[in-house]
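All values reported here derive from a predicted model rather than from experimental measurement.
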Amino acid sequence: MTDSTGQDIAHALGLLLRRSTRARLYARLTEGLGEAVDDLTYPVLSGLARTGPRSAADLGREIGLDRTTVTRRADRLEQAGLLERRPDPADGRATLLALTADGLTVLAATRQRLTDAIEESLATWPQADARTFARLLHRFVEEGPFVEEGPSAADRH
């Protein structure tokens, strides 16, 4: 592999990970799903879908926001009936954020929109190329520089 391969991948990842790129994608995924669901609250919904019920502080660490910001966004989602606060069974003083049935429905709609957008963008690719891309991207995520410290990839499956 040449030095430029790593640079090319780093550049492409930089474009994908830009805040403006994420905000544009989140706005597209959440359009028309209600006043409380937008590019700011989507990471809270998506994060809870990945992690299950979490405290605002724990969820904030997962999605890269501070506890206060998560709490403000969760308030909007709770008022819309998309998430609820539950007592933490492990700590009676703490509260967990959890998706409601309506929250799961909204999240399913955003995930379908994302799937559709990805499939639309790959529609002109040969099917074998799209499958290879998916396989190699999954491998890169599992083995690349974004892997969390701890158990090996094999241990996590």
Legend entry - Heavy-atom side-chain contact between Asp58 and Glu62 under 4.5 Å: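 The answer is no, as the side chains (C-beta and beyond) never meet within the 4.5 Å cut-off.
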
Inset, instruction - Taking atom types as modelled, find out whether Thr5 and Asp8 have a side-chain donor-acceptor pair closer than 3.5 angstrom. - result: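 Side chains of Thr5 and Asp8: no pair found under 3.5 Å.
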
Inset, instruction - Indicate whether the side chain of Gln79 and that of Asp75 have a donor and an acceptor atom separated by less than 3.5 Å. - result: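 Absent: no donor and acceptor within the cut-off.
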
Inset, instruction - Could you check whether the rings of Trp125 and Phe133 sit parallel, tilted or perpendicular, using 30° and 60° as the cut-offs? - result: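 Rings of Trp125 and Phe133: perpendicular, over 60°.
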
Inset, instruction - Decide yes or no on salt bridge (Lys or Arg N to Asp or Glu O under 4.0 Å) for Glu84 and Arg86, but give the supporting numbers first. - result: CA-CA 6 Å; Glu84 63 187 6; Arg86 300 178 181 165; 2.8 Å; yes

Legend entry - Leu48 to Leu97 - nearest heavy-atom pair and separation: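 In terms of heavy atoms, the two residues are closest at CD2-O, 3.4 Å.
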
Inset, instruction - Report the distance from atom CG of Leu114 to atom CG of Leu25, rounding to the nearest 0.5 Å. - result: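 That separation rounds to 6.0 Å.
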
Show the atom names and distances, to 0.1 Å, of all donor-acceptor pairs under 3.5 Å that link a side chain in residues 13-20 to residues at least two apart or in another chain.
{"from": "Arg18", "atom 1": "NE", "to": "Thr21", "atom 2": "OG1", "distance (Å)": "3.3"}
{"from": "Arg18", "atom 1": "NH2", "to": "Thr21", "atom 2": "OG1", "distance (Å)": "3.3"}

Inset, instruction - For Arg50, look at atom CZ and say whether over 12 heavy atoms of other residues, nucleotides or ligands are found less than 6.0 Å away. - result: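 For Arg50, atom CZ is crowded (more than 12 foreign heavy atoms under 6.0 Å).
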
Inset, instruction - Please assess Arg76 against Asp38 for the test side-chain contact (heavy atoms from CB on, under 4.5 Å), listing each intermediate value before the final yes or no. - result: CA-CA 10 Å; Arg76 287 180 56 204; Asp38 60 21; 2.8 Å; yes

Inset, instruction - Applying side-chain contact (heavy atoms from CB on, under 4.5 Å) between Val37 and each of Leu107, Val44, Leu82, report the one that passes. - result: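 That would be Leu82.
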
Inset, instruction - Evaluate the side-chain hydrogen bond (donor to acceptor under 3.5 Å, both in side chains) criterion for residues Thr105 and Asp102: first the C-alpha distance (whole Å), next the side-chain angles of each, then the deciding distance (0.1 Å), finally the verdict. - result: CA-CA 5 Å; Thr105 298; Asp102 287 345; 5.0 Å; no

